[in-house]
Amino acid sequence: MLQRQTTGLRPLTTAHLAQTMTLLSLTTEELQQEIDSELASNPALEMVEERRCPTCHRLLTDPGKCPVCSLPANLNSEEPVVFLSPREEFISRKDYVDNTMDDEPFAPEVEELPAYVLKQIAPDLDPNQRALAAYLLTHLDEDGLLTTTLIEVSRYTHVPISEVEKVKRLIQLADPVGVGSSTPQEALLVQLEVLKETHDTVPAAAERCIREGMDQLSHHQYPELAHKFDVPVKQITLAAQFISENLYPFPARAHWGDMRQPAHEETQVYHQPDILINYLNDDPTKPLIVEIIMPISGTLQVNPMFKQAIKEASPETKPDLKGDLEKASLFVKCLQQRNHTMERLLMRVVSLQREFILHGEKYLKPVTRAQISREMEVHESTISRAVANKAVQLPNRRIVPLSEFFDRSLNIRSVLKEIIEGEPKPYSDSDLVELLSENGFNVARRTVAKYRAIEGILPAHLRKAMAKGK
DNA sequence: CTATGGCACGGATT
DNA sequence: AATCCGTGCCATAG
């Protein structure tokens with residue numbers, strides 16, 4: 001008995017820390033799930049009715065005053081206003097995906113992709129193959145790409161690889177074409193193949209570009225490709241245009257503009273922002289309003305009735321109920337702590353990076369998480385967790401990861417881009433070192449090259465070729 | 001000979 | 001403790 005009590009209490013303190021840390025690193029959406037499940041499983045937890053600001057109708061987390069309306073009317077402070085903004089209409093990512101699914105040409109109903117594909121190819125399969133196909137189709141990611149390797153599939157299902165390949169091939173040819181490929185590259189090739197049969201306008205260089213020059217292709221490094229294959233740049237750009245207009249590296253996605261980002265898989269594309277930054281009333285002369293989105297619309301608290309109920313509970317159920325109570329108050333506490341940390345963090349970061357938020361990447365100050373942690377007197381890892389996996393919507397509607405606020409070189413890269421964009425003649429890397437130092441940035445020649453690579457900017461001699469080509 | 005990319009090392013950051 | 005980033009040195013291409 002005594003044993004049980006101590007083991008029941010001890011972990012609580014460590015649990016507190018652990019839980020706070022996990023909550024901190026969660027995105028709004030994940031937090032919503034966490035709260036939902038906690039709310040459902042723990043009777044001691046309750047959500048009090050929503051409160052709205054009487055004037056602006058904004059949902060409030062605190063019973064107190066509305067953080068926006070209570071501002072002095074003629075506020076002109078440089079300091080941002082940071083507050084939690086509860087969102088009942090917060091769209092979870094799932095909903096978001098479902099919505100886009102409706103627009104997809106290949107989903108007549110709410111049918112799942114695997115089922116949809118299987119239906120198409122089922123007639124051509126014998127029962128064994130069908131099982132194999134089903135297995136393969138359950139290992140697709142949301143982009144329609146295969147998440148396992150053929151070898152693994154073969155090992156797991158005890159089917160020879162050649163057979164697996166056959167079935168995979170059938171899947172790839174089904175609609176959406178290319179689904180079930182292992183890489184975007186493979187998907188593109190299959191699509192190209194199919195298109196060739198019907199269209200005769202497929203650029204000759206397209207296949208080679210995908211097969212041998214995928215890397216350069218995704219970086220827009222056309223002159224390099226032209227050089228590699230020893231063909232005119234024109235041909236390459238034509239092929240690239242064709243590819244970006246007609247092919248989809250991620251078969252399950254509705255569309256894909258141009259070949260900019262997908263160089264590395266899982267590029268964080270459209271994120272639900274976890275934090276919104278805007279001008280008050282969209283007026284650029286007003287201070288910045290920072291909303292940290294909370295996925296719920298009321299205030300979470302321990303149910304007072306539950307405390308009462310415990311006193312009257314029978315001795316057998318009492319310990320259980322008490323446990324629930326502990327858990328509930330712990331959860332509320334952790335949540336508050338998370339929110340508090342986020343508020344302080346955002347307050348500090350936004351006022352530090354005001355120029356960046358207002359005027360763009362050029363003005364980003366290189367700040368490290370460590371610095372902020374010292375100022376806030378919390379552990380570095382706390383900041384790391386708070387920053388991780390969060391997305392911010394800036395006043396110009398761009399959604400960027402919160403970690404971008406801590407990018408040490410973004411400002412230099414931005415200036416670099418600017419210089420190159422307006423350059424009369426292609427500057428060499430060492431020229432660029434000069435020009436950058438005039439702007440107050442001292443970096444090594446080698447580093448300029450690295451930045452160029454990051455930004456996908458071609459080396460000088462190739463930029464020259466590009467200019468001529470146009 | 002000049003301009004770049006690759007590799008690898010050390011120090012900072014997470 | 002693991003990872004990222006800036007840099008120097010060297011090989012290679014033009």
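Only a predicted model underlies this, so the values are computations on that prediction, with no experimental measurement involved. Lettering of chains follows the sequences in order, A, B, ..., and the numbering in each one begins at 1.
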Just the rounded figure in Å: distance from [atom2] of [N] to [atom1] of [X].
| X | N | atom1 | atom2 | value |
| --- | --- | --- | --- | --- |
| Asp429(A) | dG6(C) | CG | P | 15 Å |
| Arg369(A) | dT3(C) | CZ | C1' | 12 Å |
| Leu402(A) | dT14(B) | CG | P | 12 Å |
| Phe406(A) | dA12(B) | CZ | C1' | 16 Å |
| Leu410(A) | dC4(C) | CG | C1' | 16 Å |
| Asp407(A) | dG6(C) | CG | P | 8 Å |
| Ile454(A) | dG5(B) | CD1 | C1' | 14 Å |
| Glu380(A) | dT3(C) | CD | C1' | 14 Å |

Under 4.0 Å, counting only non-hydrogen atoms across every strand here, what does Ser381(A) touch: a base, just sugar-phosphate, or nothing?
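Ser381(A): no heavy atom of the nucleic acid under 4.0 Å.
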For a quick check of understanding: with a heavy-atom distance under 4.0 Å over all strands, which category does Arg452(A) fall into, base, sugar-phosphate or nothing?
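Counting heavy atoms under 4.0 Å across all strands, the contact made by Arg452(A) is with sugar-phosphate only.
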Step by step, work out the salt bridge (Lys or Arg N to Asp or Glu O under 4.0 Å) result for Lys365(A) and Glu355(A).
CA-CA 9 Å; Lys365(A) 294 191 190 99; Glu355(A) 295 299 301; over 6 Å; no
Phosphate contact (dG6(C) OP1 or OP2) by Ser409(A) side-chain N/O below 4.0 Å
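Answer is yes, contact under 4.0 Å.
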Under 4.0 Å from OP1 or OP2 of dC5(C): is there any side-chain N or O of Tyr451(A) that close?
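For Tyr451(A), the contact criterion (side-chain N or O under 4.0 Å from OP1 or OP2 of dC5(C)) is not met.
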Considering only side-chain heavy atoms of Pro459(A), which listed nucleotide, dT14(B), dC5(C), dT4(B), is closest?
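Out of dT14(B), dC5(C), dT4(B), the nucleotide with an atom closest to Pro459(A)'s side chain is dT4(B).
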DNA chain C-proximal residues of residues 440-450 of chain A, any heavy atom under 4.0 Å
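The stretch gives Val443(A), Ala444(A), Arg446(A), Thr447(A), Lys450(A) as the residues lying under 4.0 Å from the strand, ordered by number.
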Is Lys168(A) salt-bridged to Glu186(A), cutoff N-O under 4.0 Å?
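Salt bridge flag = yes for Glu186(A) with Lys168(A).
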Salt bridge check: are Lys196(A) and Glu207(A) linked by an N-O gap of less than 4.0 Å?
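Glu207(A) and Lys196(A): salt-bridged.
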To the closest 0.5 Å, what do you measure between OH (Tyr363(A)) and CG (Asn411(A))?
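Going from OH on Tyr363(A) over to CG on Asn411(A), the span is 11.5 Å.
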Does Glu380(A) form a salt bridge (Lys or Arg N to Asp or Glu O under 4.0 Å) with Arg369(A)? I'd like the steps, not just the answer.
CA-CA 7 Å; Glu380(A) 294 174 0; Arg369(A) 295 161 172 77; over 6 Å; no
Salt bridge (Lys or Arg N to Asp or Glu O under 4.0 Å) between Glu193(A) and Arg169(A), worked out
CA-CA 12 Å; Glu193(A) 202 178 309; Arg169(A) 173 107 186 118; 2.5 Å; yes
Run the salt bridge (Lys or Arg N to Asp or Glu O under 4.0 Å) check on Glu361(A) and Arg413(A) step by step: do they pass?
CA-CA 9 Å; Glu361(A) 298 180 345; Arg413(A) 294 208 304 274; over 6 Å; no
Are Ser181(A) and Gln172(A) linked by a side-chain donor-acceptor pair shorter than 3.5 Å?
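Yes, Gln172(A) and Ser181(A) have a side-chain donor paired with an acceptor closer than 3.5 Å.
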Please give me the minimum heavy-atom distance between Lys390(A) and Thr27(A), naming the atom from each residue.
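What the structure gives for the nearest pair is CD-CA, 4.5 Å.
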Tabulate atom names and distances for all N/O pairs under 3.5 angstrom spanning the protein and nucleotides 12-14 of chain C.
{"from": "dG14(C)", "atom 1": "OP1", "to": "His227(A)", "atom 2": "NE2", "distance (Å)": "3.1"}

